[in-house]
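From a predicted model like this one, the values you see are computed outputs, not experimental measurements.
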Amino acid sequence: MQFDVKVKDAVKSFGNLKAVNKLSFDSVPGVNIILGPNGAGKSTLLRCIDGLYRLDNGSLKVMGVDPYTDNGIRTRMSYLSDNYALYDYLDVKSNLKFFGRLYKMNDRNTIERSREILKKLNALEYFDKKVYELSRGTKQKIALCRALLNKPDILLLDEPTAFLDANSSESIRKLLQEFSEEKKTIIWVTQKLDEVTRFNCRVAVINKGNIIKDSTTSGLYSTILRNSFVNIRLASPIKHEIAKRIPGFYSSNSREPNAIKIKIRKYSDINKALDYLIDKKAFVVSVDYIEPLIETLSWRNNGV
Ligand code: ADP
């Protein structure tokens, strides 16, 4: 059985705005990241896949059926949206029991499975707390637990680590990695570039409602590097004539005369700049890698 999502020439408009614009996308088993800036159409696409929105044009099939007209498919699929859809005045356990019943699970199974998932997310201690008492990050974990309760075949995630610290994000990635190893399908939309570089998976880049690149984490990495900068701080100001000759020199800043920004294409470019500075007897105080923003990346047409 293929747990697949097939989208062909999909269009979804709001008035004159085409939020999804002739978009085609076939999922692969495991993690599919859809990366794009704000307003690119990521959430709209997920809502179409979840059957909340009907396409204006094109076709969309989840495991062979149209999710808008075939509600049955929604029991096989879970959607973690950007609003967590939890009941604030119920405790976590009651929330999960409620959703478990919607999935036709008995309470004992729901509690057992919830405890197992929350333990992996380091959130078991909140089981008896009211949702309104929880931080945004913890609510995000509870919502993910709810999405995983029914062991879905397809999991749709809208920025699942948006409000989490590094450790919590890591626990979510680990859990999702386990889930994807069962050959199930995850469609994970995000605007966080650093998220992409932590997973080894397929990555499709979306902009203005369309997929503009379809690659993998490692394929994308060269684009990220090509658009990256490094800030080098020195112990004392360096003459502009010398700075200009640093391999990769991009700019210096009169307000910060000790700092130089260089543009890199590969990591060894950092070494070349440092070698040059050391040769000129400059003392390097710090080297900071500046990851580009998704909005500023320049994509090449053939290959990422
Ligand atoms: P993303 O998730 O990539 O940030 P969205 O899918 O939320 O992008 O939005 C894509 C575009 O569609 C945006 O310009 C947004 O303002 C617009 N949009 C999204 N939902 C609606 C809606 N329900 N009504 C009108 N416009 C919408």
Query - Asp107 and Thr110: side chain donor to acceptor below 3.5 Å - result: no
**Report entry** Partners passing ring-ring contact (aromatic ring centres under 6.0 Å, His included) against Tyr79 (at least two apart in sequence or in another chain)
**Finding:** none
**Report entry** Residues Asn32 and Thr185: side-chain donor-acceptor under 3.5 angstrom
**Finding:** no
Report task. Examine distances only and state if a side-chain atom of Thr217 and a backbone atom of Cys201 form a donor-acceptor pair shorter than 3.5 Å. Result -> yes
**Report entry** Listed partners of Tyr289 passing ring-ring contact (aromatic ring centres under 6.0 Å, His included), at least two apart
**Finding:** none
Query raised in the report: Closest approach of Arg113 and Leu149, non-hydrogen atoms and distance?
Result: NE-O, 3.0 Å
Report task. Looking only at non-hydrogen atoms, find the nearest pair between Asn150 and Met77 and report the distance. Result -> ND2-O, 4.2 Å
Requested in this report: Kindly state each residue pair satisfying ring pair (Phe, Tyr, Trp, His ring centres under 6.0 Å) with at least one member in residues 140-195, sequence neighbours excluded.
Outcome: Trp188-Phe199
Query raised in the report: Taking the six-membered ring for Trp, are Tyr53 and Tyr68 ring centroids under 6.0 Å apart?
Result: no
Requested in this report: Please examine the side chains of Asn207 and Lys213, heavy atoms only from C-beta on, and report whether any two atoms are closer than 4.5 Å.
Outcome: no
Query raised in the report: Going by distance alone, is a donor N or O of one side chain under 3.5 Å from an acceptor N or O of the other, for Ser43 and Asp158?
Result: yes
Requested in this report: Check Val92, Leu121, Ile117 against Ile142 for a side chain to side chain contact (heavy atoms under 4.5 Å, CB included) and give me the one that passes.
Outcome: Val92
Query raised in the report: How far apart are the C-alpha atoms of Lys119 and Glu116, what are their side-chain angles, what is the distance that settles it, and do they pass the salt bridge (charged side-chain N to carboxylate O under 4.0 Å, His left out) test?
Result: CA-CA 5 Å; Lys119 194 164 170 218; Glu116 187 190 314; over 6 Å; no
Query raised in the report: How close do Leu234 and Val285 get, heavy atom to heavy atom, and via which atoms?
Result: C-CG2, 3.6 Å
Report task. Might you confirm whether atom CD of Glu112 has over 12 heavy atoms from other residues, nucleotides or ligands at distances under 6.0 Å? Result -> no
**Report entry** Phe249 and His240 aromatic ring geometry - parallel, tilted or perpendicular at 30°/60° bounds
**Finding:** perpendicular
